[in-house]
Amino acid sequence: TTEIYTLSLHDALPIFKAATAGGPIELAGPDRLMEVLRATSEQRQNAENLYSVGRIPLHLAIDVVGGNFAQIYNSRFHPTIDSPWPPAPPLYFLHGGRAAAPKPHSITRLYVDLSSLLLAAELDMLDAVEKAFAPIYLPHSTIPALYRQIDEAQIHQPTKLEEAHIIASLLQKNLLRTSAPPSPQQEPPSVNRPSNDWLALHAAARETAGFVVDYLPTTVGFPPSPAALTEVESKSVVGISSVLHSLERDAKLTAAQSSTARQKLFSFAHGPSREIPEGTSLYIRGNIVELLAGAGILEPAARHFRIFIEHDERQRLDALIDQESKNSLLRARLHILLDRIQRGLGKAWTLLPEANLAESLSGRLETKVLGELMTAADPVAGAYAWIDDRFLNSFARCGASPIITLFDVLRELRSRDLIDAAGFAARLHRIRAANLRYLPLNSDEIIHHLSNAQMRDRDIVETPELTILRQYTAACISERGRLQ
């Protein structure tokens, strides 16, 4: 069922009314919206809990939680914002009991799940993997799954990114300023009073004889209701139309700019208007700055007034730009991986035949790839299924093939001298730094990092690698209810 949450917009949606009588569209108000949001939140939390205790694989969790393998790995190995370890909640790629499993021997064929293919590409292992195990067998839907992940890494609202870049450019030129960050949360405001953040913005505007630019009428809560403003507060609040009309009055817009702005601002271009003198300080509320950028009048306004945007809004826009930059690199890496596979088909890579799967395994392509791995892989001697998910590699076999993991493959490559000791330790470090659990301690890894550390006053100076090793091990041990 598709639901259109109209709030107070029923009159604006007559086209949908004919579809509500037993049709696929439901006109719903805020109560129904909150009900659906609560149900969605509960489903998401349930899926996250089941995944974190090893009851379901990531392949199924993302059906509810959202995202895909490429995006999830990208967020761990390339976090958007620099922060102390860990960069994000853990990913459980390796069952703790695998350390006691028999080591694979005489690997003559590898069947590779999408989870493992993407991890191997992220860790720059594919050259060595091809040398050791070619031809490598991939489920039939691997290539469509990679194309889907590229598509899902696209920004689906490009105008929002354009607006963010316009705002970032004006900030860099000092034509826009950022208001002070919000103060620690105080007591909640009384009923129908604006939030503490709004009141702080208003106080800044009054101190500079400026205005808060907000949607009119000012509202609070959800569903929105009119805010109870004092007379003094009301005098310091203007709408978007006041900004546009003042620019037009002072001849700061061409006729073409004015026409475009009125078309893009729609109803915001109309309504009560107040004159705003040149040089006045304007404190822009929330995403109104994006509306002004999209309408093409933010730069003229920034040159005519002193404009401040909210601290939280700037952080959100910075994160959007940074995320798209990382998504762009992700798409490029996925294209390189696809090109490698497609060029190597028949030599380094082989696609398994297409399999007829049960409906439960043919939904998302990640799940379909796993289903094909279970059903289409031939149980020949020396064949292994490479899967990097804690729930799945808790089992001994995938279909008829024994399961191996990233850690097993790394040890095999090291034993064949296809990666050296430094490369082995560096990859284990990247896995720990990305908070992928549960990677067992390895004596060679510890010795390698200790040998690279310096001594000072008979004490070891902890390197970044040793710091991550210590933090990662402590974090794993602390997960008593999840460690398996």
Side-chain angles (χ1 to χ4, degrees), residues 5 62 65-83 87-88 118 122 146-179 181-182 197 213-215 240 243-244 247 253-254 256-269 282-303 305 307-338:
Y5 296 104
I62 57 179
V65 176
N68 59 49
F69 282 148
Q71 290 174 326
I72 291 170
Y73 290 155
N74 192 53
S75 69
R76 268 58 176 188
F77 285 98
H78 309 278
T80 301
I81 300 173
D82 291 334
S83 60
L118 289 167
E122 181 64 56
L146 290 173
Y147 275 116
R148 174 66 60 83
Q149 305 212 12
I150 290 173
D151 180 65
E152 291 177 351
Q154 302 281 355
I155 185 165
H156 297 292
Q157 289 184 297
T159 56
K160 305 307 291 182
L161 184 63
E162 292 169 10
E163 292 163 3
H165 279 296
I166 290 170
I167 295 164
S169 174
L170 294 176
L171 285 164
Q172 191 172 27
K173 296 174 183 176
N174 294 319
L175 291 173
L176 290 181
R177 302 154 187 84
T178 308
S179 61
D197 289 350
V213 181
D214 202 352
Y215 297 106
I240 297 170
V243 178
L244 176 60
L247 291 172
L253 300 178
T254 66
Q257 285 176 314
S258 179
S259 175
T260 298
R262 288 184 171 277
Q263 289 176 5
K264 293 190 173 183
L265 290 173
F266 301 110
S267 61
F268 297 123
L282 300 181
Y283 290 80
I284 308 293
R285 181 71 169 149
N287 68 346
I288 290 176
V289 67
E290 297 170 65
L291 286 178
L292 299 177
I297 63 171
L298 182 59
E299 183 166 351
R303 294 184 182 279
F305 308 113
I307 291 185
F308 295 80
I309 69 172
E310 290 191 279
H311 180 268
D312 288 352
E313 175 71 2
R314 177 170 185 172
Q315 285 192 318
R316 190 182 67 78
L317 294 172
D318 287 344
L320 173 64
I321 292 171
D322 192 37
Q323 184 60 58
E324 171 51 24
S325 175
K326 287 182 167 57
N327 278 347
S328 177
L329 294 174
L330 171 61
R331 293 192 297 270
R333 290 197 299 272
L334 289 172
H335 277 296
I336 290 171
L337 175 58
L338 272 165

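Everything numeric in this text was worked out from a predicted model, so none of it was measured.
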* T260 side-chain N/O to Q257 backbone N/O, donor-acceptor pair under 3.5 Å -> no
* To do: Measure the spacing between CD1 of I167 and CD of E299 and express it to the nearest 0.5 Å.
  => 12.5 Å
* Asked: Does K326 pair with D322 as a salt bridge, N-O distance under 4.0 Å?
  -> yes
* To do: Evaluate the side-chain proximity of T178 to L171: yes if any heavy-atom separation is below 4.5 Å, no if none is.
  => yes
* **Where A261 and L244 come nearest, the two heavy atoms and their spacing** => CB-CD1, 4.0 Å
* **R303 side chain near L247 side chain, heavy-atom distance below 4.5 Å** => no
* Run the numbers on H311 and R314 for side-chain contact (heavy atoms from CB on, under 4.5 Å), then give the verdict. => CA-CA 5 Å; H311 180 268; R314 177 170 185 172; 5.9 Å; no
* NZ of K160 to CG of L317: how many Å apart, nearest 0.5 Å? -> 8.5 Å
* Structure fact -> One should read off an interatomic distance between L292 CG and I307 CD1, to the nearest 0.5 angstrom, of 6.5 Å
* Asked: How far apart are the closest heavy atoms of A302 and L176, and which atoms are they?
  -> CB-CD2, 4.0 Å
* Might you point out which heavy atoms bring A164 and I321 nearest each other, and give the distance in Å? => O-CD1, 3.6 Å
* Structure fact -> Interatomic distance, CD@Q323 vs CD1@I155, rounded to 0.5 Å, equals 9.5 Å
* Structure fact -> Taking every heavy atom of N327 against every heavy atom of A153, the minimum-distance pair comes out as CB-O, 3.5 Å
* How far does CD of E152 sit from OH of Y147, to the nearest 0.5 angstrom? -> 15.5 Å
* Which heavy atom of G67 sits nearest a heavy atom of I62, and at what distance? -> O-CB, 4.0 Å
* To do: Answer yes or no: is there a donor N or O on one side and an acceptor on the other, between the side chain of S179 and the main chain of I309, under 3.5 Å?
  => yes
* Is it true that atom CZ of R262 has more than 12 heavy atoms of other residues, nucleotides or ligands lying nearer than 6.0 Å? -> yes
* Aromatic plane relationship, F77 with Y73 - under 30° parallel, 30 to 60° tilted, over 60° perpendicular -> perpendicular
* Taking only residues two or more places apart in sequence or in another chain, which ones pass side chain to side chain donor-acceptor pair (under 3.5 Å) with R333? -> N74
* **Test item: L337 and L118 side chains (from C-beta on) under 4.5 Å apart, heavy atoms** => yes
* **Derivation of the side-chain contact (heavy atoms from CB on, under 4.5 Å) call for I297 and L253** => CA-CA 8 Å; I297 63 171; L253 300 178; 3.9 Å; yes
* Can you find a heavy atom in the side chain of R331 that is under 4.5 Å from one in the side chain of L334? -> no
* Derivation and outcome, side-chain contact (heavy atoms from CB on, under 4.5 Å), residues L298 and L175 -> CA-CA 10 Å; L298 182 59; L175 291 173; over 6 Å; no
* Asked: How about I288 and E313: do any of their side-chain heavy atoms sit closer than 4.5 Å?
  -> no
* To do: Check step by step if side-chain contact (heavy atoms from CB on, under 4.5 Å) holds for I72 and R76.
  => CA-CA 7 Å; I72 291 170; R76 268 58 176 188; 3.8 Å; yes
* To do: Kindly assign one of parallel, tilted or perpendicular to the pair F268 and Y215, based on the angle between their ring planes and the thresholds 30° and 60°.
  => tilted
* Are any non-hydrogen side-chain atoms of N68 and Q71 less than 4.5 angstrom apart? -> yes
* With the side chain counted from C-beta on, respond yes when I150 and L338 share a heavy-atom pair under 4.5 Å apart, and no when they do not. => yes
* To do: For the residue pair E122 and H78, establish whether any side-chain heavy-atom pair is separated by less than 4.5 Å.
  => yes
